[in-house]
Amino acid sequence: EAIVVAYEQGMAPNARANEYMRLAMREGDSIVVKDGHSYQEKLWYTSTKNKQKALWQEPFIGQFVPGPIAVYTIPIFKTDKAGEKKFAGVLCVDISLKFLNEALESIPIANSGFAFILSSGNFAIGAEGHREAGKNYRPQFFELEKNFRSRDQGLFVASVLDETDAVVYFRRMTVNGWTYMVVWPSQKFFEEQRSLGRTF
């Protein structure tokens with residue numbers, strides 16, 4: 001959706017001394033370039049500067065791109081006259097999560113279940129059709145983090161959705177630490193299990 005370049009003070013091209021951030025994005029059939037400011041204290045900038053390595057950032061609602069976005073940041077370095085490599089800024093790729101929401105919404109899941117993705121910071125992605133559910137997961141899943149953050153996959157029963165029991169399947173994504181989850185109301189889930197048992 002957008003590409004951003006943000007420099008440290010005095011490290012931008014043409015010896016610009018003040019803030020220097022440029023964002024290129026598509027608007028209709030055109031590519032537009034916009035200026036940005038007050039970025040030095042933003043988490044995507046400070047985390048990349050401090051760790052000095054490429055990072056997947058927590059999803060957030062973008063200032064320029066409408067809706068939630070995922071951001072991949074890469075540090076920029078310059079070599080000074082003494083041959084030392086110095087941090088010069090951050091290059092970002094902003095990716096709209098609309099396609100991910102649509103993909104998750106399209107997955108057919110029986111027994112009134114639905115799928116979504118939980119970021120490492122408990123940001124619910126893909127719960128657009130279950131917006132209230134997505135909001136409710138954040139505090140409850142925070143309490144249950146020990147149940148699934150320490151494992152790669154599993155199945156457990158939890159009290160979510162305003163204390164309604166639900167069965168939750170999870171599987172961790174190794175690339176960025178996000179977790180793919182499927183949730184079923186426990187009554188529907190266990191009814192299906194009992195029905196299968198009777199059939200067998």
Side-chain angles (χ1 to χ4, degrees), residues 1-104 116-126 128 134 138 141-142 145-146 148-153 170-181:
E1 295 290 332
I3 296 176
V4 178
V5 61
Y7 285 98
E8 283 283 273
Q9 188 171 7
M11 299 292 278
N14 304 323
R16 292 176 183 261
N18 299 321
E19 290 185 334
Y20 185 78
M21 173 180 159
R22 295 290 182 271
L23 177 141
M25 62 181 295
R26 185 180 297 278
E27 284 189 356
D29 295 330
S30 303
I31 301 293
V32 297
V33 177
K34 299 183 179 183
D35 294 342
H37 55 85
S38 303
Y39 57 84
Q40 289 95 338
E41 300 303 318
K42 300 288 187 183
L43 183 59
W44 58 265
Y45 191 87
T46 57
S47 61
T48 309
K49 179 180 179 178
N50 293 337
K51 295 186 178 180
Q52 300 208 356
K53 67 177 184 178
L55 299 170
W56 277 106
Q57 302 289 335
E58 270 294 292
F60 61 91
I61 305 300
Q63 178 182 355
F64 299 99
V65 180
I69 59 172
V71 179
Y72 188 67
T73 56
I74 305 165
I76 301 169
F77 297 97
K78 282 187 176 181
T79 304
D80 62 16
K81 292 179 181 179
E84 291 186 24
K85 189 171 73 169
K86 291 191 173 182
F87 176 79
V90 177
L91 176 68
C92 307
V93 179
D94 294 355
I95 305 166
S96 169
L97 293 175
K98 183 180 178 182
F99 80 96
L100 192 53
N101 284 330
E102 291 172 350
L104 289 165
F116 72 104
I117 291 172
L118 198 68
S119 74
S120 54
N122 293 345
F123 187 100
I125 303 162
E128 289 298 309
R138 300 177 84 168
F141 278 137
F142 181 76
E145 278 192 343
K146 289 183 180 178
F148 69 92
R149 292 293 187 197
S150 60
R151 293 186 287 160
D152 290 332
Q153 64 178 332
F170 67 92
R171 185 178 181 92
R172 183 178 314 285
M173 301 178 185
T174 56
V175 174
N176 54 13
W178 295 1
T179 305
Y180 173 74
M181 311 189 90

Enquirer: Hey, what do you get for CH2 (Trp44) to OH (Tyr39), rounding to the nearest 0.5 Å?
Expert: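 Reported to 0.5 Å precision, the distance equals 7.5 Å.
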Enquirer: Would you call the rings of Tyr7 and Tyr20 parallel, tilted or perpendicular if under 30° counts as parallel and over 60° as perpendicular?
Expert: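 Tilted, since the angle between the ring planes falls between 30° and 60°.
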Enquirer: Which pairs pass side-chain hydrogen bond (donor to acceptor under 3.5 Å, both in side chains) with one or both residues in residues 23-32, sequence neighbours excluded?
Expert: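 For residues 23-32, and leaving out neighbouring residues, the side-chain hydrogen bond (donor to acceptor under 3.5 Å, both in side chains) pairs sorted by first residue read Glu27-Lys34.
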Enquirer: For the CG atom of Leu118 and the CE atom of Met173, what is their distance to the nearest 0.5 Å?
Expert: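 If I round to the nearest 0.5 Å, the distance is 10.0 Å.
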Enquirer: I'd like to check Ile117 versus Thr179 (side-chain heavy atoms, cut-off strictly below 4.5 Å). Are they in contact?
Expert: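 No, their side chains stay 4.5 Å or more apart.
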Enquirer: Kindly say whether Gly89 contributes a backbone atom to a donor-acceptor pair with the side chain of Tyr45 at under 3.5 angstrom?
Expert: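 Not confirmed, Tyr45 side chain does not pair with Gly89 backbone.
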Enquirer: Inspect the contact between Asp35 and Arg22 and indicate whether a charged nitrogen and a carboxylate oxygen are less than 4.0 angstrom apart.
Expert: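 Judged by the 4.0 Å cut-off on N to carboxylate O distance, Arg22 and Asp35 do form a salt bridge.
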Enquirer: Might you point out which heavy atoms bring Leu91 and Ile3 nearest each other, and give the distance in Å?
Expert: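 That closest heavy-atom pairing would be CD1-CG2, 4.0 Å.
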Enquirer: Looking at CZ of Phe87 and CZ of Phe77, how far apart are the two atoms once the value is rounded to the nearest 0.5 Å?
Expert: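 Here the rounded value is 7.0 Å.
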Enquirer: Which residue pairs satisfy the salt bridge (charged side-chain N to carboxylate O under 4.0 Å, His left out) criterion with at least one member in residues 73-85, sequence neighbours excluded?
Expert: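 Pairs touching residues 73-85 that pass the test: Asp80-Lys86.
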Enquirer: Restricting to non-hydrogen atoms, name the atom on Thr46 and the atom on Gln40 that form the minimum distance, rounded to 0.1 Å.
Expert: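 Heavy atoms only, the tightest pair is CG2-O, 3.1 Å.
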Enquirer: Among all residues two or more places apart in sequence or in another chain, which pass the side chain to side chain contact (heavy atoms under 4.5 Å, CB included) test with Glu102?
Expert: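 Counting only residues at least two positions away or on another chain, Glu102 forms a side chain to side chain contact (heavy atoms under 4.5 Å, CB included) with Lys98.
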Enquirer: Using the side-chain contact (heavy atoms from CB on, under 4.5 Å) rule, take Leu23 and Val33 through it: C-alpha gap first, then chi angles, then the decisive distance, then the call.
Expert: CA-CA 5 Å; Leu23 177 141; Val33 177; over 6 Å; no
Enquirer: Under 3.5 Å, which donor-acceptor pairs link side chains of residues 53-62 to any protein atom two or more places apart or in another chain?
Expert:
unit_1 : atom_1 : unit_2 : atom_2 : d
Gln57  : OE1    : Ser47  : OG     : 3.2
Gln57  : NE2    : Ser47  : OG     : 3.0
Gln57  : NE2    : Thr48  : OG1    : 3.4
Gln57  : NE2    : Thr73  : OG1    : 3.0
Glu58  : OE1    : Ser119 : OG     : 2.7
Glu58  : OE1    : Gly121 : N      : 3.2
Glu58  : OE2    : Ser119 : OG     : 3.3
Glu58  : OE2    : Ser120 : N      : 3.3
Glu58  : OE2    : Ser120 : OG     : 2.8
Glu58  : OE2    : Gly121 : N      : 3.0

Enquirer: At their closest point, which heavy atom of Val71 faces which heavy atom of Cys92, and how far apart are they?
Expert: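 Between these two residues, the closest heavy atoms are CG1-CB, 4.1 Å.
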Enquirer: side-chain contact (heavy atoms from CB on, under 4.5 Å) between Met21 and Val4: does it pass, once the steps are laid out?
Expert: CA-CA 7 Å; Met21 173 180 159; Val4 178; 3.6 Å; yes
Enquirer: Can you list the steps and then say if Ile95 with Ile69 is a side-chain contact (heavy atoms from CB on, under 4.5 Å)?
Expert: CA-CA 5 Å; Ile95 305 166; Ile69 59 172; 6.0 Å; no
Enquirer: So, using side chain to side chain donor-acceptor pair (under 3.5 Å) as the criterion, who are the partners of Lys49 when residues are at least two apart?
Expert: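 In terms of side chain to side chain donor-acceptor pair (under 3.5 Å), with neighbours along the sequence ignored, Lys49 is linked to Glu8.
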